[in-house]
Amino acid sequence: MQKVKLIECPRDAMQGIKDWIPTPAKVQYIQALLRCGFDTIDVGSFVSPKAIPQMKDTAEVLNAIDLSTTESKLLAIVANVRGAQDAVQFEQINYLGFPFSISENFQMRNTHKTIAQSVETLQEILNIADSKNKEVVAYLSMGFGNPYGDPWNVAIVGEWTERLAAMGVQILSLSDTIGSSTPEVIDYLFANLIPRYPQIEFGAHLHTTPTSWHEKVDAAYKAGCRRFDGAIQGFGGCPMAKDELTGNMPTERLVSYFTTVKADTNISTMSFESAFNEASKIFHKYH
């Protein structure tokens, strides 16, 4: 049976919500997710509170959650060196996630840095993480297409993968920031990159409309991807690239798909149902 890693992203689901979600509510929801059997929980971010106000309590959330009965690992997003330095102080964190866009426009919009500056930042973050026995997950945003008019093709994605591999990136998640991916592009990229870089664990961070999720997951899985990000009920998406129809990949769809193809996701059905209900409560109350 094929093993698949599911990464649940409450941070991604919550970060664009304008109403303040109280810290205890976040902790309660994340605690429910920790019982499900996810490989990793994307728990929060160490970024400017001005940019993402909802995540300003990530440190408090980390200190409040109980990890004693879970095997799930924790990931926090960082956008600069200071964020990485803050994040590695937390023993609870296993992974630092860094959004690296191959779109100059989007990188400036997302992190206020050029691509050239972001390369330097990523190298520093890799060094900081290594010094504290943490790993870095690089998110190659605009990995499947670019709506901003910057040059984009599969060769450019390949060139950046080569460069990031040379820098020492070992986990690379191709990110579909605005839901523009097609099954053909997903298949081509994973089918070509996965065999070429056996030292890299490739992931799929797909955004999707309600009707296109299956073809995207199916293309990625059949091309060899075994790491998938999702958010229960598809809540959230990128607050820097808003589209009402395009949300995160619904985790329940991932669970359903991998049950059908008989892949092992390590998800407890009863715990997942409970977390699903918690998601309904929190996201319908705060939106």
Subject >> Phe190-Trp152 co-clustered via ILVMFWY side chain contacts under 4.5 Å >> reply: yes
**OP:** Look at the side-chain heavy atoms of Ile, Leu, Val, Met, Phe, Trp and Tyr, link any pair under 4.5 Å apart, and say whether Val43 and Val136 land in one connected group.
**Re:** yes
**OP:** Please lay out, stage by stage, how Leu6 and Ile267 fare under the test side-chain contact (heavy atoms from CB on, under 4.5 Å).
**Re:** CA-CA 9 Å; Leu6 292 188; Ile267 298 297; 3.9 Å; yes
Original post:
Say you draw a straight line from CG of Leu34 to OG of Ser72; how long is it, rounded to the nearest 0.5 Å?
Top reply: 5.5 Å
Original post:
Tell me the salt bridge (charged side-chain N to carboxylate O under 4.0 Å, His left out) pairs involving residues 263-276, sequence neighbours left out?
Top reply: Lys3-Asp264
Original post:
How would you list all residue pairs meeting ring pair (Phe, Tyr, Trp, His ring centres under 6.0 Å) that involve residues 15-50, not counting sequence neighbours?
Top reply: Tyr29-Phe283, Phe46-Phe90
**OP:** Measure the shortest side-chain to side-chain distance between Leu206 and Asp229 over non-hydrogen atoms and say whether it is less than 4.5 angstrom.
**Re:** no
**OP:** Using the side-chain contact (heavy atoms from CB on, under 4.5 Å) rule, take Met55 and Met14 through it: C-alpha gap first, then chi angles, then the decisive distance, then the call.
**Re:** CA-CA 8 Å; Met55 291 293 110; Met14 294 179 187; 4.0 Å; yes
**OP:** Mind checking the CG-CD spacing from Asp66 to Gln92? Nearest 0.5 Å is all I need.
**Re:** 11.0 Å
**OP:** For atom CD of Glu71, decide whether the heavy atoms of other residues, nucleotides or ligands shown that lie under 6.0 angstrom number more than 12.
**Re:** no
Original post:
What are the two closest heavy atoms between Cys36 and Ser271, and how far apart are they?
Top reply: SG-O, 3.5 Å
**OP:** Anything under 30° is parallel, anything over 60° is perpendicular, the rest tilted; go ahead and classify Phe228 against Tyr221.
**Re:** tilted
Original post:
Listed by chain and number, what are the side-chain contact (heavy atoms from CB on, under 4.5 Å) partners of Asn277, not counting sequence neighbours?
Top reply: none
**OP:** With rounding to the nearest 0.5 Å, note down the distance linking OH in Tyr286 to CD1 in Ile21.
**Re:** 7.5 Å
**OP:** Flag the pair Arg227 / Phe202 as yes when at least one side-chain heavy-atom distance between them is below 4.5 Å, and no otherwise.
**Re:** no
Original post:
Under a 4.5 Å cut-off applied to non-hydrogen side-chain atoms, are Val255 and Glu252 in contact?
Top reply: no
Subject >> Test item: Leu122 and Leu164 side chains (from C-beta on) under 4.5 Å apart, heavy atoms >> reply: yes
Original post:
If two hydrophobic side chains count as joined below 4.5 Å and joins carry through other members, does Ile7 share a cluster with Leu33?
Top reply: no
Subject >> Heavy-atom check, side chain of Phe272 versus side chain of Ser268, under 4.5 Å >> reply: no
Original post:
With a 4.5 Å limit on heavy-atom distance, are the side chains of Ser175 and Leu140 in contact?
Top reply: no
**OP:** With sequence neighbours excluded, give me every side chain to side chain donor-acceptor pair (under 3.5 Å) pair touching residues 158-174.
**Re:** Glu162-Tyr197
Original post:
What distance separates Thr40 OG1 from Leu74 CG, expressed to the nearest 0.5 Å?
Top reply: 8.5 Å
**OP:** Looking only at non-hydrogen atoms, find the nearest pair between Gly158 and Leu193 and report the distance.
**Re:** CA-CD2, 4.2 Å
Original post:
Looking only at atom types and distance, does a side-chain atom of Asp218 sit under 3.5 Å from a main-chain N or O of His214, one as donor and one as acceptor?
Top reply: no
Original post:
Hydrophobic clusters join Ile, Leu, Val, Met, Phe, Trp and Tyr when side-chain heavy atoms are under 4.5 Å apart, directly or via other members; which others share one with Ile171?
Top reply: Leu75, Ile77, Tyr95, Val137, Tyr139
Original post:
Under the side-chain contact (heavy atoms from CB on, under 4.5 Å) test, which residues partner Ala231, sequence neighbours left out?
Top reply: Glu8, Ala13, Asn248
Original post:
Roughly how far, to the nearest 0.5 Å, is CG of Leu174 from OG of Ser181?
Top reply: 10.5 Å
Original post:
Which of these passes side-chain contact (heavy atoms from CB on, under 4.5 Å) with Phe144: Thr182, Leu189, Val154?
Top reply: Leu189
Original post:
Any idea which heavy atoms bring Met1 and Lys262 closest together, and the distance?
Top reply: CG-O, 3.1 Å
Original post:
Which heavy-atom pair separates Phe98 from Val78 by the least distance, and what is that distance?
Top reply: CD1-O, 3.4 Å
Original post:
Donor-acceptor pair, Thr70 side chain versus Leu67 backbone, under 3.5 Å?
Top reply: no
Subject >> With sequence neighbours excluded, residues passing salt bridge (Lys or Arg N to Asp or Glu O under 4.0 Å) with Lys5 >> reply: Glu201
Subject >> N/O donor-acceptor pair under 3.5 Å between Thr208 side chain and Trp213 backbone >> reply: yes
Original post:
Quick one: are Ser101 and Met142 in side-chain contact, heavy atoms under 4.5 Å?
Top reply: yes
Original post:
Does the side chain of Gln2 reach to within under 4.5 Å of the side chain of Arg226, using non-hydrogen atoms?
Top reply: yes
**OP:** Please go through Met270's hydrophobic cluster and name the other residues, only I, L, V, M, F, W, Y counting, with side-chain heavy atoms under 4.5 Å joining them.
**Re:** none
**OP:** Please step through side-chain contact (heavy atoms from CB on, under 4.5 Å) for the pair Asp187 and Glu184, ending with a clear verdict.
**Re:** CA-CA 5 Å; Asp187 172 73; Glu184 293 76 20; 5.9 Å; no
Subject >> Pair listing, salt bridge (charged side-chain N to carboxylate O under 4.0 Å, His left out) test, anchored in residues 116-144, at least two apart >> reply: none
Original post:
At their closest point, which heavy atom of Lys216 faces which heavy atom of Asp176, and how far apart are they?
Top reply: NZ-OD2, 3.2 Å
**OP:** Can you run down the salt bridge (charged side-chain N to carboxylate O under 4.0 Å, His left out) pairs that involve residues 276-287, sequence neighbours left out, and say none if there aren't any?
**Re:** Glu278-Lys281
**OP:** Could you give me the CA-CA distance, side-chain angles and deciding distance for Arg253 and Val217, then say whether side-chain contact (heavy atoms from CB on, under 4.5 Å) is met?
**Re:** CA-CA 9 Å; Arg253 302 294 196 193; Val217 176; over 6 Å; no
Original post:
Around Gln28, counting heavy atoms of other residues, nucleotides and ligands shown, do more than 12 lie under 6.0 Å from its CD?
Top reply: no
Subject >> Pairs meeting criterion salt bridge (charged side-chain N to carboxylate O under 4.0 Å, His left out) with involvement of residues 19-42, two or more places apart >> reply: Arg11-Asp42, Lys26-Asp57, Asp39-Lys73
Subject >> Listed partners of Thr114 passing side-chain contact (heavy atoms from CB on, under 4.5 Å), at least two apart >> reply: Glu104, Met108, Ala116, Gln117
Subject >> Exam field: side chain Gln15 to backbone Gln54, donor-acceptor pair closer than 3.5 Å >> reply: no
Subject >> Exercise: identify the closest heavy-atom pair between Val157 and Gly143 >> reply: CG2-O, 3.4 Å
